[in-house]
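Read the structure below first, then the notes.
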Amino acid sequence: MTPDYAWRPAQELLEHSNVAVLCRKLGVDGYRELQRRSVADPDWFWGHAMRDIGIVWHIPPLRIRGEDQRIATTRWFPGGRTNLVDSCLERHVREGRGDSIAFRWETEDGTGGLLDYRQLAERCARIASGLRRLHIGVGDRVGCCLPPGREAFELLFACAHMGAVLVPVFSGFGADALAARLSDAQAKVLVTADATTRRGARHDMAAIARQAAAQATTVRHLVVVTRDGAESPPHSAEGGKSTGGGKPVPGRAAPRPETVRWEELTASPPCPRVSMPAGAPFLLLHTSGTAGRPKGTVHTHGGFPVQVGSEVRYNLDVRPGDVVFWVTDPGWVMFPLIAVGATLAGASVLAYDGAIDHPEPTRLWQLLEDHGVTVFGSSPSLSRSLMSRPLPGAAAPRRVRILGSTGEPWTEDAWHWYSAEFGGKRCPVINISGGTEVGGSLLGSAPTVPQSPCSFAGPCLGIDAAIVDGAGAPAADGEKGELVVKQSWPGMTRGLWRAPGRFAHAYFRRRPGLWSHGDLASRVGDEWFVHGRMDDVIKVAGKRLGPAEVEQAVLGHPRVVEAAAVGVPHPVKGESLWCFAVTPDGTLAEAESACIRERVAAALGPAFRPSRVVGIPGLPRTRNGKVMRRLIRDLVAGDPPGDLSTLVNPRAMEAILAAVRPADAP
């Protein structure tokens, strides 16, 4: 029988999408066959992909993968030398596309600008020279705590240009969380802004950065971008006259960081780009750290561009002249993924610094229209937020041809809204799922493959993924299991920063010889689905289910805007099911809670009738939209929740605690 797909590709995508062109070039019969061959012969696929993407090698690699092809220790492109700036920026200038727009930005007050490829390449060379004047050399780490915008984009490429390692950190972190990541990276410089604006309110970033720099004793310079002119003259983190940099003297306090204005870096004369080994790091990106000390993942000049270049080119179908806008923060992996992947494709990247629905809920639509966005990406939570509001004409401008999503599983109603109401039924929803340590995605949709709601077309090209049951055997069709990977891929973290033992423990302890990613997934025919994190799996009386299917039932209630389902320890059942429902006023009447309990029982069976349904004003989530169910579960169970620094709304935890405190233990 033919599946009843919700979206089918138009002829234009079947003939002219990047992946369709590649299939014809390689003599492969469509995306599914390309998937199979890319896993059966990774060297064949990645060799062709890196040439098609446009990777510039100063010295070609001896081979695609080193002789040791064990998943934890594979070396990619051994012997090769490159610099991602050459592939992403300078190549376009040499090939006559220097006047094409590479980057555009806008802030909440409506100001913004444009940079073409030639201007961006020159500015990055100047900023790299300015960093050298601060005694930053090859391999030194540079912290970045900046809002989305021009400076964060330039700094990424400037560090790569001169061989430094960028350490992006979420722009909303407090001082302690920022200091922890800077200290782990042993960063010598921190670049921040004097302030950022959200919903018209000024948030002082420089003060937090100074506190963090004072705690992270390796930081010698604090570079400040002036956004609103309120930044005070350069001074040390503790006030008074700057003491400058220098090495710590045994027995003495570490030198106080010297403040430098961003304009001083950009005024430096350009310096030449360096050639780096393919395995040299350019990006040190920390995981969220909600389950313990943040882990520093390492991404390289060779592997990362090839990986994200493939995903952006073949899954998101980004082409020269496209304008790509992904709602994200420079501290999350999607920012460098889009920055590197889109510039490799010769496209333009849009960054927006501000609340996406301020001053009006239609601000997003205006951004898409004003900048001619063609490829748009966000998290499912943004769709759920927007679809709950009365919006006149929800369809995106017709120039938008690709919709992307990542961050968490979809619910069917939100997916349908994104595809049909927002996308006008003409755009594929390119669902991608990976993570910081993946350096890209493990699963992805494809523009030439029909789609069911919430689905993936399967593993991304070159990703040898599988779904296994509790015993490690392949999960049956339709059965939920753990997502694992059998072979290395180019974007995979090259270990964990200063923690080689922790790398093996984190990803290979549970399944020796397999990368254990921790996602709960299933497969129905050729389509794959993600149901949340394994840590979020709920087990009631021995029966397992993912939170997404419970939340789908909860969201069917007309007053519920968002929902989270968690398993709470129970002396008889093992776990009992609790549901947290976000409503406009943050409460639920007893009759409404009872109605939701019956909806869940009707959808999933009486065994999964929730023990409790709690009305709350909001869910704890990270800036990239992930709902932190584990934190909710720990809070209800009375366990220490750990690091809350990644949350964009930590007060949500206080509201949840207040809502559940009167109840008896489960």
Side-chain angles (χ1 to χ4, degrees), residues 3-20 31 311-312 314-319 321-328 334 338 342 347-350 352 356-357 361-433 441 443-457 527 529-530 552 555 625:
D4 185 19
Y5 293 115
W7 178 88
R8 293 178 182 274
Q11 197 63 30
E12 195 280 333
L13 288 172
L14 292 172
E15 293 182 1
H16 301 297
S17 62
N18 292 324
V19 73
Y31 186 82
E311 294 171 18
V312 170
Y314 306 132
N315 294 94
L316 291 171
D317 194 42
V318 174
R319 312 177 197 177
D322 273 330
V323 178
V324 185
F325 177 31
W326 205 286
V327 182
T328 188
M334 285 308 302
I338 292 299
S348 174
V349 178
L350 168 64
Y352 172 68
I356 202 69
D357 57 354
T362 54
R363 181 64 182 269
L364 170 60
W365 282 259
Q366 194 63 53
L367 284 166
L368 299 176
E369 183 67 47
D370 291 349
H371 294 277
V373 172
T374 55
V375 179
F376 172 73
S378 69
S379 67
S381 62
L382 178 60
S383 291
R384 289 196 294 271
S385 173
L386 293 172
M387 66 186 282
S388 66
R389 308 179 188 188
L391 295 167
R398 291 200 61 83
R399 283 181 59 91
V400 177
R401 62 180 188 85
I402 299 286
L403 298 176
S405 78
T406 191
E408 59 184 329
W410 281 99
T411 53
E412 282 202 29
D413 56 347
W415 189 94
H416 279 295
W417 181 89
Y418 195 44
S419 174
E421 300 300 322
F422 186 78
K425 298 183 179 180
R426 68 181 186 277
C427 305
V429 177
I430 304 298
N431 213 4
I432 57 175
S433 179
S441 306
L443 304 181
S445 305
T448 57
V449 176
Q451 298 176 351
S452 296
C454 315
S455 68
F456 299 84
E527 293 190 306
F529 299 85
V530 171
Q552 176 75 34
L555 286 164

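The structure displayed is predicted, hence computed values, not measured ones.
Applying the salt bridge (Lys or Arg N to Asp or Glu O under 4.0 Å) test to pairs two or more places apart or on separate chains, those with a residue in residues 395-407 are D317-R401, D322-R401.
Note that OG1 of T328 is 8.5 Å distant from CD1 of I338, once rounded to the nearest 0.5 Å. With rounding to the nearest 0.5 angstrom, the CD atom of E527 is 12.5 Å from the CG atom of L443. Interatomic distance, I402 CD1 to S17 OG, rounded to the nearest 0.5 Å: 8.5 Å. Rounding to the nearest 0.5 Å gives a distance of 6.5 Å between CE of M334 and OG of S441. The distance from the CE atom of M387 to the CG atom of L555 is 8.0 Å, given to the nearest 0.5 Å. Interatomic distance, Y352 OH to R363 CZ, rounded to the nearest 0.5 Å: 3.5 Å.
For the residue pair N315 / E311, no side-chain donor-acceptor distance below 3.5 Å is found, with atom types taken as modelled.
Side-chain contact between N431 and Q451 is absent, with no heavy atoms from C-beta onward closer than 4.5 Å. R384 has its side chain out of reach of D413: every pair of non-hydrogen atoms, C-beta onward, lies at least 4.5 Å apart. Side-chain contact between S405 and S379 is absent, with no heavy-atom pair separated by less than 4.5 Å. A heavy-atom distance below 4.5 Å is found between the side chains of L364 and F325.
Distance alone, capped at 3.5 Å, is enough to place a donor-acceptor pair between the Q552 side chain and the E412 backbone. Judged by distance alone, the side chain of N18 and the main-chain N or O of V318 form a donor-acceptor pair under 3.5 Å. Although no hydrogens or angles enter the test, the distance criterion places no donor-acceptor pair under 3.5 Å between the side chain of T448 and the main chain of L14. Put simply, the side chain of T406 gets close to the backbone of I432: a donor and an acceptor are under 3.5 Å apart. A donor-acceptor pair is defined here as one N or O able to donate and one able to accept, closer than 3.5 Å; such a pair exists between the side chain of S445 and the backbone of S455. For Y314 (side chain) and P447 (main-chain N/O), no donor-acceptor pair under 3.5 Å exists by modelled atom type.
S452 and Y5 make their closest contact through OG-CD2, 3.6 Å (heavy atoms, listed as atom of the first residue, atom of the second, distance). The two atoms that bring V327 and I356 nearest to each other are CG2-CD1, 4.4 Å, heavy atoms only. Of all the heavy atoms in L368 and A396, the pair that sits closest is CD1-CB, 4.1 Å. The two atoms that bring S433 and V530 nearest to each other are OG-CG2, 4.2 Å, heavy atoms only. Closest non-hydrogen pair, P453 versus F529, comes out as O-CE2, 3.5 Å. The two residues R426 and P397 have their closest heavy-atom pair at NH2-O, 2.7 Å.
Relative ring orientation between F422 and F376 is described as tilted, the plane-to-plane angle lying within the 30° to 60° band.
For F456 and W410, the distance between ring centers is not under 6.0 angstrom.
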